Amino acid sequence: MTDQVVTIFAGGGGDAYADAQGLRLDYANRHGLIAGATGTGKTVTLQILAQGFSDAGVPVFLSDVKGDLSGLAKPGSTDHKLHGPFTERAATIGLDLTYAAAPVTFWDLWGQAGHPVRTTVSEMGPLLLSRLLELTDAQEGVLNIAFRVADEDGLALLDLKDLQALLVWVAENRKSLSSRYGNVSSASVGAIQRSLLTLETQGGANLFGEPALDLADLMRLAGDGRGMVNVLAADKLMASPRLYATFLMWLLSELFEQLPEVGDPDKPQLVFFFDEAHLLFDDAPKALIDKVEQVARLIRSKGVGVYFVTQNPEDIPEDILGQLGNRVQHALRAFTAKDRKALQQAAQNYRENPAFDIEDAIREVGVGEAVTSFLERKGIPGMAQRTLIRPPSSQLGPITGAERADVIRASDLAGKYEAQVDRQSAFEILTKRAADAAQAAEKAEAEEQEAEAATREYKAGRRYSGKTVSRSTSKPRSRRGDSVGEAFAKSFARSLGTRAGRSIVRGVLGGLFRGR
């Protein structure tokens with residue numbers, strides 16, 4: 001390099017690989033691309049650049065898809081089988097190879113291979129959540145209405161059960177909501193609920209909740225001034241590629257929203273490596289691609305560099321690919337007509353070098369070699385160079401589970417995110433409202449039943465006349481003190497006082513005497 005600027009040494013290029021090739025820190029926020037077929041050395045290049053940024057005091061966030069990048073936490077060893085070849089390569093490119101580990105913090109959505117990393121449903125937002133749930137336009141519209149209602153009603157959406165409870169409420173009140181916001185169909189709500197259930201089954205519920213990730217924890221420096229390398233364990237996460245891509249896109253969006261403008265700093269505030277980047281764009285709706293393009297275009301002024309790692313440059317949309325100034329292209333194999341076309345397109349993205357044919361070089365470079373182009377003064381793309389990539393200082397390959405556990409326990413973040421907090425949010429508020437409504441309805445029903453019973457009692461009960469109490473269908477009763485015999489005697493005596501009574505008595509007595 002001719003300019004006296006701080007660079008990350010990537011390897012040697014030119015004749016006999018003697019010309020140092022490096023990435024300028026003052027242009028590192030202009031983004032980059034690491035591409036190449038499987039097994040050509042992309043992961044090692046990512047490891048080298050990540051540790052180079054860390055040594056320069058720049059924090060790094062990267063996803064570890066295969067588990068190999070955990071080796072950053074441990075220095076390389078002279079006992080390693082590749083120590084000899086590494087030493088020879090270092091001598092060829094003029095590198096004084098010393099082994100050293102990088103300061104590493106491990107993260108994991110499941111909280112098993114690192115500190116738990118979470119966000120809230122509200123922070124994820126309806127656009128990315130719709131992408132995650134693979135919703136149709138109509139279903140996404142209903143989800144937007146749900147978020148709008150939650151915002152207006154002060155309902156915090158923190159975890160999946162909050163969103164599920166809100167959707168139940170939306171379904172119950174869809175008629176009134178439809179007249180205000182547009183059609184809300186029960187079919188759309190049901191489809192969203194089913195997608196949430198699938199996400200929950202796949203472990204997506206681990207992503208949502210509190211305490212949510214504090215972005216400042218990704219931008220920490222170690223005690224010696226080196227940038228912290230944040231490694232997301234993504235080997236298990238790759239079983240849910242849509243969840244993986246959506247989470248990383250959310251993280252980029254949050255960085256874009258929260259970080260202040262810094263212009264073009266001498267070095268980035270954070271460098272973000274997006275491995276298996278094609279997963280972000282596979283079947284992605286235009287709205288999401290537009291969002292990625294916006295973030296890529298504007299986040300560099302926030303001091304953040306984004307590096308996409310994928311097999312083929314054509315995996316990246318052209319509008320985004322055009323913004324990736326720093327490039328490392330490992331070998332591409334051209335076995336089919338489609339492969340040859342992709343190879344030709346990849347070669348056209350480089351500034352020509354009269355010393356060699358770029359297309360041939362991309363086809364022919366071996367493992368550990370690449371065609372590189374780094375931005376030079378005034379942001380001009382550097383001439384393509386066939387570069388021998390430097391060996392890593394940290395361990396090549398993964399560390400053991402016990403070693404990972406030791407790093408997690410020793411972290412200054414140990415205990416901050418492990419215990420999940422479930423504070424009052426939409427689920428608790430809506431559940432209480434439903435319980436209060438049910439209790440009020442039960443009380444009203446009980447009062448109504450009591451009123452009906454009182455009415456029936458009144459209609460069937462005695463009527464009060466002011467002096468006496470009588471029943472409309474009753475006959476005169478004897479006084480309580482009279483016996484049955486006394487009552488009969490009195491009735492008999494009264495009957496003797498009448499002519500008819502006396503005639504009856506005479507008839508009865510006459511009959512008795514005649515019978516005698």
Side-chain angles (χ1 to χ4, degrees), residues 118-202 204-205 207-210 212-213 240 242-258 279-296 298 424-431 433-434:
R118 307 182 191 90
T119 183
T120 65
V121 172
S122 294
E123 288 177 342
M124 177 69 75
L127 174 61
L128 290 178
L129 197 57
S130 297
R131 161 69 168 167
L132 179 59
L133 299 176
E134 302 183 61
L135 302 183
T136 65
D137 290 344
Q139 294 160 5
E140 182 180 349
V142 172
L143 190 63
N144 272 287
I145 291 173
F147 270 76
R148 177 69 177 271
V149 169
D151 184 57
E152 292 180 350
D153 209 16
L155 299 174
L157 298 177
L158 305 180
D159 50 29
L160 285 189
K161 71 177 186 297
D162 289 328
L163 183 56
Q164 290 165 337
L166 176 62
L167 289 170
V168 170
W169 185 90
V170 167
E172 293 172 347
N173 297 271
R174 61 183 182 276
K175 291 184 178 179
S176 60
L177 292 175
S178 295
S179 62
R180 182 176 180 182
Y181 299 106
N183 184 43
V184 177
S185 70
S186 57
S188 292
V189 174
I192 299 172
Q193 289 280 40
R194 289 191 295 272
S195 295
L196 287 175
L197 180 61
T198 301
L199 177 63
E200 190 173 14
T201 303
Q202 294 175 349
L207 173 59
F208 300 103
E210 290 186 317
L213 176 65
S240 304
R242 189 63 62 90
L243 177 60
Y244 167 76
T246 305
F247 167 71
L248 293 186
M249 186 59 222
W250 163 79
L251 189 54
L252 272 178
S253 299
E254 285 297 294
L255 290 168
F256 173 70
E257 294 292 337
Q258 294 190 25
L279 295 175
L280 179 60
F281 305 105
D282 287 348
D283 303 321
K286 186 177 184 302
L288 180 61
I289 294 178
D290 290 344
K291 178 70 173 179
V292 177
E293 182 184 354
Q294 179 195 38
V295 170
L298 300 178
Q424 179 171 291
S425 50
F427 174 79
E428 288 77 16
I429 294 173
L430 292 175
T431 299
R433 287 182 185 177

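This is a predicted model, so every value here is computed, not measured.
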Locate the shortest heavy-atom distance separating [X] from [Y]; write the atom from each residue and the value.
X: S130; Y: E140; result: OG-CG, 3.1 Å
X: A150; Y: L166; result: CB-CD2, 3.8 Å
X: A212; Y: T119; result: CB-CA, 4.2 Å
X: I145; Y: G182; result: CD1-O, 4.2 Å
X: R131; Y: L279; result: NH2-O, 3.4 Å
X: V142; Y: N183; result: CG2-O, 4.3 Å

Could you tell me whether the side chain of [Y] reaches within less than 4.5 Å of the side chain of [X], counting heavy atoms only?
X: T120; Y: L157; value: no
X: L199; Y: F208; value: yes
X: L207; Y: W250; value: no
X: L128; Y: M249; value: yes
X: L280; Y: L248; value: no
X: V149; Y: W169; value: yes

Spell out, as yes or no, whether a donor-acceptor pair under 3.5 Å connects the side chain of [X] to the backbone of [Y].
X: S178; Y: V184; answer: yes
X: S179; Y: S176; answer: yes
X: D151; Y: F147; answer: no
X: R174; Y: A171; answer: yes

Once you round to the nearest 0.5 Å, how far does [atom1] of [X] lie from [atom2] of [Y]?
X: E293; Y: L298; atom1: CD; atom2: CG; result: 9.5 Å
X: D162; Y: I429; atom1: CG; atom2: CD1; result: 8.5 Å
X: E428; Y: K161; atom1: CD; atom2: NZ; result: 5.0 Å
X: T198; Y: L133; atom1: OG1; atom2: CG; result: 9.0 Å
X: Q258; Y: E123; atom1: CD; atom2: CD; result: 7.0 Å
X: L177; Y: E172; atom1: CG; atom2: CD; result: 11.0 Å

Heavy atoms of other groups near D282 CG, more than 12 under 6.0 Å: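 Yes, the 6.0 Å shell around CG holds more than 12 heavy atoms from other groups.
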Residues, nucleotides or ligands: over 12 heavy atoms within 6.0 Å of R148 CZ: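 Not buried by this count: 12 neighbours or fewer within 6.0 Å.
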Side chain to side chain contact (heavy atoms under 4.5 Å, CB included) between L129 and L163, worked out: CA-CA 11 Å; L129 197 57; L163 183 56; 3.5 Å; yes
Partner set under side-chain hydrogen bond (donor to acceptor under 3.5 Å, both in side chains) for D290, not counting sequence neighbours: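 D290 satisfies side-chain hydrogen bond (donor to acceptor under 3.5 Å, both in side chains) with K286 only.
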For a quick test of your reading: what N or O donor-acceptor pairs under 3.5 Å do the side chains of residues 188-197 make, sequence neighbours left out?
residue : atom : partner : partner atom : Å
S188    : OG   : S185    : OG           : 3.0
Q193    : NE2  : Q164    : O            : 3.2
S195    : OG   : A191    : O            : 3.2

